[in-house]
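Here is the structure we will look at, set down as structure tokens.
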Amino acid sequence: MSRILITSAIPYINGIKHLGNLVGSQLPSDVYARYARARGHEVMHICATDEHGTPAELAAAKAGKPVAEYCAEMWAIQRDLAEGFGLAWDHFGRSSSQRNHALTQHFAGKLAEAGLIEEVTEKQVYSHTDGRFLPDRYIEGTCPNCGYDGARGDQCENCTKQLDPTDLINPRSAISGSTDLEVRETKHLYLRQSALAGDLEAWIDSKKDWPILTTSIARKWLKDGDGLQDRGITRDLDWGIPVKRGSEDWPGMEGKVFYVWFDAPIEYIAATAEWADANGLQDADWQRWWRTDKGAEEVKYVQFMGKDNVPFHTLSFPATIIGSGEPWKLVDYIKSFNYLNYQGGQFSTSKGRGVFMDQALEILSADYWRWWLLSNAPENNDAEFTWEVFQQGANKDLADVLGNFVSRITKFCRSKFGEAVPTGGTYGEAEEAVIADLQIRLATYEAHMESIEIRKAAAELRAIWVAGNEYLQSAAPWAVFKENPEQAAAITRFALNLAALYATLSEPFIPFASATLREALGSGAKWPESIAETANALPEGHPFTVPENLFTKITDEQREEWEERFAGTR
RNA sequence: GGGCCUGUAGCUCAACUGGUUAGAGCAGAGCGCUCAUAACGCUUUGGUUGGGGGUUCGAGUCCCUCCGGGCCUACCA
């Protein structure tokens with residue numbers, strides 16, 4: 001048994017996440033964490049909200065609330081939705097926590113000591129009307145290249161030309177529309193990532209088994225143009241972590257905060273400290289996950305994220321860790337995901353396009369979403385959600401293959417033998433063959449889970465479900481019963497034990513249905529050492545109840561209604 | 001513009017470092033079963049692997065080129 005630290009990319013605070021966000025990090029990390037726990041590993045599964053930055057301030061302003069209050073409310077909403085989806089992390093933290101304040105300031109101090117922080121005076125656009133500096137993206141105007149009026153300060157969406165805000169003709173604030181702008185000088189801290197480029201490249205090169213999506217993005221940033229660029233790690237904002245050197249003030253940086261991408265990944269560590277605090281534990285209890293001098297050397301650390309997050313996790317955060325000169329844990333494996341598209345376009349938070357977590361739970365229970373999203377996870381390519389494919393997949397896999405298997409065997413048993421595992425008869429060749437087949441499939445399933453091949457694991461799990469229907473069909477206890485009730489009893493007993501096995505094996509993907517099934521059968525959750533031993537896990541005479549149908553089918557009427565309902569914007 | 005990924009049956013995807021007649025699931029067709037959520041099982045029809053060229057004894061896999069889709073490009077996060 002080993003110790004596995006698992007983090008999911010932390011969702012931004014400014015709204016409810018859509019299914020694309022969910023399948024890109026939180027859902028696969030949950031499957032992996034549940035699997036690792038089931039196998040008996042000691043697991044720390046961490047997530048949090050990412051709360052700082054301009055969009056959070058704007059969203060709070062739009063909601064008419066102080067930003068701290070807004071974030072607290074949104075954190076609670078996201079926590080509840082995560083619970084609704086069965087996302088079982090050990091702690092769901094907040095990047096605005098005191099723990100993260102202290103750690104972020106600590107890292108900045110260490111980086112400064114190591115000579116990796118540079119102070120740079122630069123010019124930035126300030127909006128008098130908005131009372132704030134504007135990020136390049138929040139400045140709009142006419143593109144000097146193509147004349148498009150909606151060009152942003154970083155790039156023109158129309159002609160794709162890279163721009164500088166001062167290039168724009170008639171620049172205005174994208175927030176208020178105000179043209180009362182001025183260019184001001186402001187001082188910021190830069191992390192000298194360029195000085196660490198060699199270390200980072202060697203480290204990336206040593207990761208032979210990482211997804212190509214992960215390493216190719218990292219290499220692109222390392223090699224492109226002049227190589228890895230230094231990165232500004234401070235901003236002129238109110239909401240954020242005040243810039244300090246450890247616990248000391250930082251002269252000249254008063255009133256500034258750290259950039260959200262500097263403090264967000266540090267929250268993985270801070271959230272683990274928050275976990276210790278919340279559970280009345282000591283610093284040593286979280287440090288054994290994160291400090292290689294305090295036990296974390298033996299920890300396997302796995303991160304889950306969408307591809308847009310990869311540069312920060314392969315380069316910026318490791319630069320912070322390595323640059324600190326302290327023995328912090330570096331990630332061992334980064335699992336990255338492509339995007340899930342919605343009905344031929346993109347999911348979009350800003351445009352309200354697609355299905356959002358709260359809406360998804362309103363219309364169906366979490367397992368439908370978990371199963372379909374995970375068995376179609378965008379691992380090697382962007383994937384596509386359409387209502388028709390979703391309906392087909394969920395109905396076939398969950399209702400017909402798994403749900404109906406449980407239904408047919410429990411109801412058959414009830415009608416012929418009553419609601420207890422029947423006694424009599426013995427297992428023979430047919431059962432041995434199923435055991436042998438499932439033993440191989442189990443090994444394949446475990447191998448896919450361990451290499452975090454989510455789609456393949458799901459396909460193998462489905463094949464394990466199918467084996468139950470195949471067995472029943474060929475063993476035909478309903479026919480055998482007429483001639484040889486003892487033999488029919490053995491067949492039924494074997495099939496009931498398969499159902500119990502399925503409850504255990506399916507738990508990482510569909511925890512709610514798995515729990516329902518375990519409760520109905522009165523079965524345990526212990527991961528099987530061998531299939532043979534599970535064939536009698538439910539002993540003769542063991543009472544059970546027939547569960548409600550685990551999954552009802554999505555009807556054509558429902559599908560059409562939802563297709564209509566979610567066609568526009570929320 | 002640059003970089004990366006990608007194009008395989010009607011649909012969604014497989015195919016370890018190039019190696020025998022390119023495989024699954026869904027959808028379609030036929031048969032069977034009647035325990036079950038009109039569910040299940042068996043059989044079966046679908047592919048010049050986007051086009052063209054090249055390397056090789058051998059190419060879905062490597063190279064060139066053309067066509068299509070997607071992402072990233074560092075101050076949204």
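Every chain is numbered from 1 and lettered A, B, ... according to where its sequence line falls, protein lines coming before strand lines. FYI, side chains are in, hydrogens and waters are out, and symmetry mates aren't considered; it's all heavy atoms of this structure.
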query: A/Glu384 CD to B/U12 P: how many Å, rounded?
result: 8 Å
- prompt: Nearest of B/A39, B/G70, B/C42 to any side-chain atom of A/Glu470?
  reply: B/C42
message: Does any part of the side chain of A/Tyr502, heavy atoms only, come nearer than 4.5 Å to the side chain of A/Leu498, both counted from C-beta?
response: yes
Check against side chain to side chain donor-acceptor pair (under 3.5 Å), A/Gln193 and A/Ser316: CA-CA 7 Å; A/Gln193 297 186 138; A/Ser316 307; 3.3 Å; yes
- prompt: Counting only side-chain N and O atoms of A/Arg455, is one of them less than 4.0 Å from OP1 or OP2 of B/C13?
  reply: yes
- prompt: OP1 or OP2 of B/U34 sitting under 4.0 Å from any side-chain N/O of A/Arg408?
  reply: no
task: Please check the phosphate of B/A74 (OP1 and OP2 only) for any side-chain N or O of A/Tyr259 closer than 4.0 Å.
output: no
- prompt: From the list B/C72, B/C40, B/C75, which nucleotide is the closest neighbour of the side chain of A/Lys220?
  reply: B/C72
field: Base paired to B/G7 (Watson-Crick or G-U; both N/O distances under 3.5 angstrom)
entry: B/C67
field: A/Asn380 vs B/A14: side-chain N/O to OP1/OP2 distance below 4.0 Å
entry: yes
message: Nearest to the side chain of A/Ser407, heavy atoms from C-beta on, is which of B/A14, B/U37, B/C35?
response: B/U37
query: If you look at every strand shown and take non-hydrogen atoms under 4.0 Å, does A/Ile409 touch a base, only sugar-phosphate, or nothing?
result: nothing
Plane angle bin for A/Phe551 and A/Tyr368 - parallel if under 30°, tilted between 30 and 60°, otherwise perpendicular: perpendicular
field: Side chain of A/Gln193 - closest among B/A74, B/A27, B/C75
entry: B/A74
- prompt: Looking only at side-chain N and O atoms, does A/Tyr471 come under 4.0 Å of OP1 or OP2 in B/C40?
  reply: no
task: Sort out the partner of B/A22 for me: Watson-Crick or G-U wobble, both distances under 3.5 Å, none otherwise.
output: none
task: Name the nucleic acid region contacted by A/Gly468, choosing base, sugar-phosphate or nothing; use a 4.0 angstrom heavy-atom cut-off, strictly under.
output: nothing
task: Would you please classify the geometry between the A/Tyr342 ring and the A/Phe385 ring as parallel, tilted or perpendicular, with 30° and 60° separating the classes?
output: parallel
message: Under 4.0 Å, counting only non-hydrogen atoms across every strand here, what does A/Val310 touch: a base, just sugar-phosphate, or nothing?
response: nothing
query: Does the pair A/Tyr268 and A/His313 meet the rule for a side chain to side chain donor-acceptor pair (under 3.5 Å), with working shown?
result: CA-CA 11 Å; A/Tyr268 294 140; A/His313 289 78; 2.6 Å; yes
- prompt: Applying a 3.5 Å limit to both distances, which nucleotide forms a Watson-Crick or G-U wobble pair with B/G28?
  reply: B/U44
- prompt: Base, sugar-phosphate alone, or nothing: which one does A/Asn309 contact when heavy atoms must sit under 4.0 Å apart?
  reply: nothing
task: Kindly state whether the pair A/Trp478 / B/C35 counts as stacked, where counting means centroids closer than 5.5 Å and planes tilted less than 30° apart.
output: yes
task: Give A/Pro55 one of three labels, base, sugar-phosphate or nothing, depending on what nucleic acid heavy atoms sit under 4.0 Å from its own.
output: sugar-phosphate
- prompt: Since syn is defined as within 90° of 0, does B/G41 count as syn or as anti?
  reply: anti
- request: Report the nucleotide, chosen from B/C33, B/U37, B/C75, that has the shortest atom-to-atom distance to any side-chain atom of A/Asp136.
  value: B/C75
message: Which nucleotide wins on minimum distance to the side chain of A/Arg235, given the candidates B/C75, B/C35, B/A77?
response: B/C75
message: Just to be sure I understand the rule, does A/Tyr339 reach a base, reach only the sugar-phosphate, or reach nothing, if contact means heavy atoms closer than 4.0 Å?
response: sugar-phosphate
field: Nucleotide of B/C13, B/C71, B/U37 approaching A/Ala383 most closely (side-chain heavy atoms)
entry: B/C13
query: Considering heavy-atom distances to RNA chain B, does A/Lys396 or A/Ala479 have its closest nucleotide positioned more toward the 5' end?
result: A/Ala479
statement: Against the side chain of A/Gln392, the closest entry in B/C26, B/C75, B/A77 is B/C26
query: Would you say A/Lys335 and A/Ser25 make side-chain contact, with heavy atoms under 4.5 Å?
result: no
- prompt: Between A/Cys413 and A/Arg462, which has a closest nucleotide on RNA chain B that is more 5'?
  reply: A/Arg462
